[in-house]
Protein chains: 2
Amino acid sequence: MQDPCQAREVLGIVGDKWALLIVRMLKDGPLRFTELKRAIDGISQRMLTVTLRDLERDGILTRTVRNVMPPHVSYELTTMGRTLREATAPLLEWSITHLPHIDAARAAYDHR
Amino acid sequence: MQDPCQAREVLGIVGDKWALLIVRMLKDGPLRFTELKRAIDGISQRMLTVTLRDLERDGILTRTVRNVMPPHVSYELTTMGRTLREATAPLLEWSITHLPHIDAARAAYDHR
DNA sequence: CCGTATCCACCTTGATACTG
DNA sequence: CAGTATCAAGGTGGATACGG
């Protein structure tokens, strides 16, 4: 098995509270700031901005400004961003099939 | 596309700073508390305890106490824990192949 | 519309000391 | 050996107000 330290670094991206949710929202094409804000329930304007900036910095997505009135900024996955999204697909699958088990396990544990 | 809310819940596990590292360490069989502590560089005794408790509660691993002197507690993945570990494998793969790209993207971004 | 700036409450976490 | 208890520091993130 490979170097655990690499896993550490990736957790910095994947472990982020919002990052994977944003990546997922963009899987079908670019979205604008406000569209993302509406789509991701509970995210604050600040955290959306910060997280988008981080993902742009990491080369996961691109930020494109159209200078019209009103301003128009769209975010789109890069090639690398799309591969990340594919790599997280099994995990999403897993979550959907196992969350009931987890909830059950928690209930059983807490029952004692 | 499935319910994003489920992804949210899983991030509670996966997004944890230490959880996935522990799951990975256990992939080849049970380990004891001290062995885990040694293996996972930088984790404090407190966080190891807390994270193990959470994972046990979620049904990801089991905690087994052997009442000998000195005390002997071993942790082992459950069946569900092993499937989680398999689901995260592609993500680990991705991290290993793409971390150089990410570092490069960051350097380029910061250069401006 | 798409941010940035500031403030602050909260949570997480490490350090340290102590126990069966 | 394998924890628990306590505390304090730092980071995280929400609310709010403002700017291009």
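Excluded from the calculations below are hydrogen atoms, water molecules and symmetry mates; all remaining heavy atoms, backbone and side chain alike, are included. In what follows, every chain begins at residue 1, and chains take the letters A, B, ... in the order their sequences are listed.
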In the 5' to 3' direction, the nucleotides of DNA chain D bounding the stretch that comes under 4.0 Å of a heavy atom in chain A are D/dG13 to D/dG20
For nucleotides 13-20 of chain C, 5' to 3', base contacts (B), sugar-phosphate-only contacts (S) and non-contacts (-) with protein non-hydrogen atoms under 4.0 Å give BBB----B
Could you give the side-chain donor-acceptor pairs of residues 41-54 of chain B under 3.5 Å, partners two or more places apart or in another chain?
unit_1: B/Ser44; atom_1: OG; unit_2: B/Met47; atom_2: N; d: 3.2
unit_1: B/Thr49; atom_1: OG1; unit_2: B/Gln45; atom_2: O; d: 2.9
unit_1: B/Thr51; atom_1: OG1; unit_2: B/Met47; atom_2: O; d: 2.6

What residues 57-68 of chain A contributes to the DNA chain D interface at heavy-atom separation below 4.0 Å is none
Closest heavy-atom pair, A/Leu92 versus A/Arg24, reported as atoms and distance to 0.1 Å, is CD2-NE, 3.4 Å
Partner of B/Trp18 under side chain to side chain contact (heavy atoms under 4.5 Å, CB included), picked from B/Leu36, B/Val23, B/Ile40, is B/Ile40
- Please examine the side chains of A/Leu84 and B/Leu91, heavy atoms only from C-beta on, and report whether any two atoms are closer than 4.5 Å. yes
The complete set of salt bridge (Lys or Arg N to Asp or Glu O under 4.0 Å) pairs with one or both residues in residues 99-112 of chain A, sequence neighbours excluded, reads A/Arg106-B/Asp58, A/Asp110-B/Arg57
- Task: Answer yes or no: is there a side-chain heavy-atom contact under 4.5 Å between A/Ile13 and A/Leu20?
- Result: no
In short, B/Pro90 meets A/Ala87 closest at the heavy-atom pair CB-O, 3.7 Å
Residues 65-81 of chain B vs side chain to side chain donor-acceptor pair (under 3.5 Å), sequence neighbours excluded, gives B/Arg32-B/His72, B/Arg63-B/Tyr75
- Test side-chain contact (heavy atoms from CB on, under 4.5 Å) on A/Thr64 and A/Val73 and set out the steps. CA-CA 6 Å; A/Thr64 308; A/Val73 181; over 6 Å; no
Original post:
Do A/Ile102 and B/Met80 come within less than 4.5 Å of each other through their side chains, counting heavy atoms only?
Top reply: yes
